[in-house]
Amino acid sequence: MNKTIYFIANWKMNGNHNSIREIEKVFDFFKKNTINKFKKIIFCPPSNLLSSFSTKIKSKLIDFGTQDISKINLNYGPHTGQLSAKILKDSGANYVIIGHSEKRLIDEDFKTIKEKINIALKNKLKIIFCIGENLSQKKMGLALKVLKKQILSSLDTKRINAKNLIIAYEPIWSIGTGIVPSNNYLDKIFINLKKFLKEKYNVNSPILLYGGSVTADNVSILRNISLISGFLIGGASLKSKSFIKIIKNYFK
Ligand code: PGA
């Protein structure tokens, strides 16, 4: 079976109005080169750029997501500084990143993550749910325990299915460090995650991504892990050249 491979660009706190050029170059590449494989390209720029980018690039080839939504369960209202799921959906987002370790550090606890996930689903935004252990948890052999806790405390069994949820495993010690786990380590993690999601959520074919220092070089190794359905890419997604190279090398 041909499964869809996801390449999600997490731009974090980077980009300006001229950065549309990077997305246009990716778009041009796909218009000209038919990589004849099932793939999904999603850009998650900062929310101030979302609306203009998604208006300029209207194509099935490229989709858009947001990096956050408000935990306030309202479309509009007197909430200074907040961007509701509805406002972001109307700005062109079809996906939302929730639970990223960089957000967990600032203001996303388990309860907030759960609330945001439910609000996102209500607004028909698909979830890119990030989970991952830190270095000391890894060293103590606690990775799987941590991941299972992150999943159980945030995902509601009644609402979650393989269509509205993408899980991105992002070991914190790998994000932005250039260090990527071995395929053995990842195999073990992904096999266990799949089993766990089947047991607890009755999801048979979950969409599982890897994130953390993905580059055009290491993607050729990472692609050998059969349970991985794609990547959440930070640094290497900012420039079209390195992002396109990742996709090319994956399908090589
Ligand atoms: P990185 O970031 O690719 O720069 O390591 C990944 C992420 O944080 O999503």
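Ligands are counted one by one from 1 in listed order, and the atoms in each one are counted from 1 as well.
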Can you report which non-hydrogen protein atom sits closest to [atom], along with the distance?
atom                   : result
atom 9 (O) of ligand 1 : E170 OE2, 2.7 Å
atom 3 (O) of ligand 1 : G234 N, 2.9 Å
atom 2 (O) of ligand 1 : K12 NZ, 3.2 Å
atom 4 (O) of ligand 1 : G235 N, 2.9 Å

Around F110, counting heavy atoms of other residues, nucleotides and ligands shown, do more than 12 lie under 6.0 Å from its CZ?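 Yes, the 6.0 Å shell around CZ holds more than 12 heavy atoms from other groups.
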Under 4.0 Å from ligand 1, counting heavy atoms only, is it the side chain of N10, its backbone, both or neither?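 Side chain only.
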Cation-pi geometry met for K138 and Y185 (6.0 Å, 45°):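 Yes, K138 sits over the ring of Y185.
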Under 4.0 angstrom from ligand 1, any heavy atom of G212?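 Contact present.
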Report yes or no: does a heavy atom of G211 sit under 4.0 Å from some atom of ligand 1?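 No.
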State whether D217 and K245 are salt-bridged, where the test is any N-O pair (Lys NZ or Arg NE/NH1/NH2 against Asp/Glu carboxylate O) under 4.0 Å.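 So D217 does not pair with K245 through a salt bridge.
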Not counting sequence neighbours, which residues clear side-chain hydrogen bond (donor to acceptor under 3.5 Å, both in side chains) with N192? List them please.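 Residues passing side-chain hydrogen bond (donor to acceptor under 3.5 Å, both in side chains) with N192: none at all.
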Residues forming a salt bridge (Lys or Arg N to Asp or Glu O under 4.0 Å) with K31, sequence neighbours excluded: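 K31 satisfies salt bridge (Lys or Arg N to Asp or Glu O under 4.0 Å) with D28 once adjacent residues are dropped.
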Please tell me whether Q67 and W11 have a donor and an acceptor in their side chains that are separated by less than 3.5 angstrom.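 Side chains of Q67 and W11: no pair found under 3.5 Å.
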What I want to check is whether the side chains of Y210 and S174 have a donor and an acceptor closer together than 3.5 Å.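 The answer is yes; a qualifying pair exists.
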Contact (N/O only, under 3.5 Å) between H100 and ligand 1: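 The answer is yes, given that H100 and ligand 1 share an N or O pair closer than 3.5 Å.
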Could an N or O of ligand 1 be found under 3.5 Å from any N or O of G176, whether backbone or side chain?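 Between G176 and ligand 1, an N or O pair is found under 3.5 Å apart.
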